[in-house]
Asker: 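Dumping the structure here so I can ask a few things about it.
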Amino acid sequence: MPSTARTRSMTCLARQPVTAMRISLALLIAGLLSACSMFTTYEPTGESGLPIPLERLQHLQQDQMTVHIAIPTDEEASRYFGVSMSGHDIQPIWMHIKNASQRDYWLMPFSIDPNYYSADEAAFMTGAQLSPDKQRRNRKLFRQNALPFFVPAGSSQEGFIYASYKRGGRFVDVRFSSSRHAVRMRFAVLLPTESFDYENSSLRELYNQVEELPDLSVDKLQTHLERMACCTSNADGDRTGDPLNLVIVGTGKELISALSGSGWDFTESITVDSIRRMIGAAIEEKAFLTAPVSSLYAFTRPQDIALQRGRSTINQRNHMRLWLAPFRCEGSPVWVGQVSRDIGVKLTTLSPTLTTHVIDPVVDEAREYTFHSLLHHDAVSKFAFARGVGVATEENPGYNLTADPFITDGMRLVVWLTREPVPAHMAEDLGWNESADPVREGKREEFMIPALIAP
């Protein structure tokens with residue numbers, strides 16, 4: 001087939017002529033960089049818009065390295081490659097890398113996804129049912145579109161990392177290594193699916209008005225959190241549920257980046273389809289990492305976002321619910337949350353589905369787990385523990401809406417997020433209060449804070 005040159009625009013980077021087989025990719029990239037095709041910069045429109053302004057095309061720059069990144073939708077990926085990608089657990093991540101420095105770098109795709117596929121592996125998986133001739137063309141297409149790992153000084157390159165599939169969006173940790181030097185950029189990309197809970201909540205409208213909310217100092221935030229309601233509630237607000245034991249300070253981008261980067265997945269809305277897949281996962285004892293969660297209420301509305309860290313079966317998971325608070329802290333949005341650990345399933349007449357997860361009664365362990373997951377991924381700049389939940393002991397426990405007991409030291413974890421990596425040991429402790437060791441709580445030593453325990 002004859003070759004063709006790519007149409008250039010003022011916003012597009014100069015490139016060499018490409019073959020006809022790459023015309024569609026060339027047009028795709030041109031659209032990405034000129035904001036004029038299906039990968040245009042995302043702007044929420046109507047009820048289908050994403051609640052937080054995370055663009056479909058994103059770019060970051062550090063140490064003369066510039067990275068553009070985008071994730072095609074399932075339909076777009078299948079249309080371009082000509083085979084089902086999501087059906088084979090593959091999610092292509094497009095990247096354009098410009099190295100304007102004098103260093104040679106190696107891209108480390110393991111940081112993007114330790115389970116990424118090679119080009120031939122992806123071609124083999126997706127082309128198993130194709131004729132031998134089409135399999136050869138499929139393999140050539142995947143190879144030519146693969147992103148090279150070596151990025152020489154003064155060069156530009158583009159292509160796809162064939163990552164394992166994640167619904168609803170993902171965190172992308174891009175790392176480059178050179179002799180005694182490294183570059184790291186962190187992206188969070190949401191994909192519209194019309195099936196995730198955050199797409200159907202009121203968060204979009206609320207977040208658009210966040211700059212109009214009262215702005216509290218750090219000291220006033222502590223006072224406000226101590227006076228805030230202890231727990232979630234039912235829709236009528238006449239019964240209390242799980243404790244509100246988590247507070248996160250940060251923008252929408254920082255929130256999504258930190259939580260998705262720490263391994264938390266978004267949850268789907270409760271629909272006929274999600275319930276069907278949830279029942280199937282339960283019967284087959286398989287994982288369902290985006291399984292829906294029931295609604296709890298705070299600030300007179302159900303959660304704005306729910307996230308979870310699932311295990312190999314649907315019965316066990318850590319999960320959190322988050323609400324955008326009606327106040328800010330020193331200009332940043334504040335998110336109030338509830339986090340607990342599901343350890344099993346039980347039948348109950350207190351749930352409309354007649355079943356519910358059983359929570360680990362030591363809810364402070366789930367709070368600590370969340371804290372550690374964020375610290376581990378260098379996402380915390382400072383933290384504190386605020387009173388406000390109220391102490392609950394094994395002798396006098398609290399109860400959630402499905403009659404599960406819980407015990408707690410009564411503290412709320414408060415974390416300030418950062419987009420720039422901060423090593424865990426460098427996160428600043430504001431020293432408001434000490435929290436109990438959740439393991440000691442389970443040993444009935446719930447009020448013995450670490451500083452007071454003899455070695």
Side-chain angles (χ1 to χ4, degrees), residues 43-44 49-55 186 188 190 197-199 201-233 237 243-262 264 266 296-307 320-339 367 370-371 374-375 377-389 411-422 427-433:
E43 295 182 4
L50 295 174
I52 296 173
L54 294 175
E55 296 82 3
R186 306 194 293 183
L190 292 179
D197 62 348
Y198 60 77
E199 296 176 275
S201 74
S202 59
L203 177 56
R204 181 173 59 256
E205 291 79 10
L206 294 171
Y207 197 82
N208 287 339
Q209 302 171 20
V210 72
E211 293 185 358
E212 303 173 12
L213 298 175
D215 198 6
L216 307 179
S217 66
V218 172
D219 290 340
K220 288 185 177 179
L221 175 66
Q222 179 184 7
T223 302
H224 199 85
L225 295 179
E226 291 176 348
R227 297 173 179 174
M228 197 173 64
C230 73
C231 306
T232 60
S233 72
L244 292 167
N245 54 359
L246 176 65
V247 179
I248 299 177
V249 183
T251 66
K253 286 187 177 183
E254 291 168 340
L255 179 81
I256 300 304
S257 179
L259 291 174
S260 58
S262 301
W264 293 85
F266 298 100
L296 295 179
Y297 286 76
F299 308 114
T300 71
R301 68 180 190 275
Q303 66 268 8
D304 299 317
I305 306 177
L307 301 100
M320 73 171 70
R321 299 171 175 88
L322 293 171
W323 291 261
L324 182 63
F327 49 85
R328 296 177 292 159
C329 179
E330 298 186 340
S332 293
V334 176
W335 309 81
V336 174
Q338 170 272 324
V339 61
R367 182 192 69 194
T370 304
F371 186 31
L374 293 169
L375 285 173
H377 287 271
D378 302 337
V380 178
S381 62
K382 56 187 177 183
F383 66 94
F385 288 90
R387 294 187 175 90
V389 171
M411 299 294 176
R412 292 183 165 120
L413 167 65
V414 188
V415 295
W416 279 258
L417 300 179
T418 173
R419 284 296 297 269
E420 296 298 324
V422 173
E428 178 187 2
D429 182 355
L430 297 184
W432 291 355
N433 297 283

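Numbers for residues simply follow the sequence, beginning at 1.
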Asker: Which pair of non-hydrogen atoms, one from R419 and one from S257, has the smallest distance, and what is that distance?
Answerer: NE-OG, 4.0 Å
Asker: State, with a plain yes or no, whether a side-chain heavy atom of V389 is found less than 4.5 Å away from one of L244.
Answerer: no
Asker: Please answer whether the main-chain N or O of Q209 pairs with a side-chain N or O of E212 as donor and acceptor at a distance below 3.5 Å.
Answerer: no
Asker: Return a table of donor-acceptor pairs under 3.5 angstrom between the side chains of residues 323-334 and protein atoms on other chains or two or more places apart.
Answerer:
residue: W323; atom: NE1; partner: R301; partner atom: O; Å: 2.9
residue: W323; atom: NE1; partner: P302; partner atom: O; Å: 3.2
residue: R328; atom: NE; partner: V210; partner atom: O; Å: 3.4
residue: R328; atom: NE; partner: L213; partner atom: O; Å: 3.2
residue: R328; atom: NH2; partner: E211; partner atom: O; Å: 3.3
residue: R328; atom: NH2; partner: L213; partner atom: O; Å: 3.1

Asker: Which distance, rounded to the nearest 0.5 Å, do you find between the CE of M411 and the CD of E226?
Answerer: 8.5 Å
Asker: Any heavy-atom pair between the side chains of L322 and L246 that's under 4.5 Å?
Answerer: yes
Asker: Suppose we screen for side chain to side chain donor-acceptor pair (under 3.5 Å). Which residues come up paired with D215, at least two apart in sequence or across chains?
Answerer: none
Asker: Check the angle between the aromatic planes of F385 and F371 and answer parallel, tilted or perpendicular using the 30° and 60° thresholds.
Answerer: perpendicular
Asker: Not counting sequence neighbours, which residues clear side-chain contact (heavy atoms from CB on, under 4.5 Å) with C230? List them please.
Answerer: none
Asker: So, do F383 and D429 sit near enough that their side-chain heavy atoms are less than 4.5 Å apart?
Answerer: yes
Asker: Y207 and G252: which non-hydrogen atoms are nearest, and at how many Å?
Answerer: OH-N, 2.7 Å
Asker: Check whether any side-chain heavy atom of V336 sits under 4.5 Å from a side-chain heavy atom of F299, and report yes or no.
Answerer: yes
Asker: Might you point out which heavy atoms bring P243 and Q338 nearest each other, and give the distance in Å?
Answerer: O-CG, 3.3 Å
Asker: Could you measure the distance from the CE atom of M320 to the CG atom of N245? Nearest 0.5 Å is fine.
Answerer: 9.5 Å
Asker: Which distance, rounded to the nearest 0.5 Å, do you find between the CG of L255 and the CG of D304?
Answerer: 10.5 Å
Asker: Got W264 and V339 here, is their nearest side-chain heavy-atom distance under 4.5 Å?
Answerer: yes
Asker: Can you check whether L221 reaches V249 side chain to side chain, under 4.5 Å on heavy atoms?
Answerer: yes
Asker: Any chance you could measure E420, atom CD, to S381, atom OG, to the nearest 0.5 Å?
Answerer: 11.5 Å
Asker: Do the side chains of L259 and L374 get nearer than 4.5 Å, heavy atoms only?
Answerer: yes
Asker: Which pair of non-hydrogen atoms, one from A427 and one from L375, has the smallest distance, and what is that distance?
Answerer: CB-CD2, 4.0 Å
Asker: Find the distance between CZ (R321) and CG (L296) and round it off to the nearest 0.5 Å.
Answerer: 3.5 Å
Asker: Would you compute the distance between atom CD of Q222 and atom CZ of R412 and round it to the nearest 0.5 angstrom?
Answerer: 12.0 Å
Asker: Please give me the minimum heavy-atom distance between E254 and L417, naming the atom from each residue.
Answerer: O-CD1, 3.6 Å
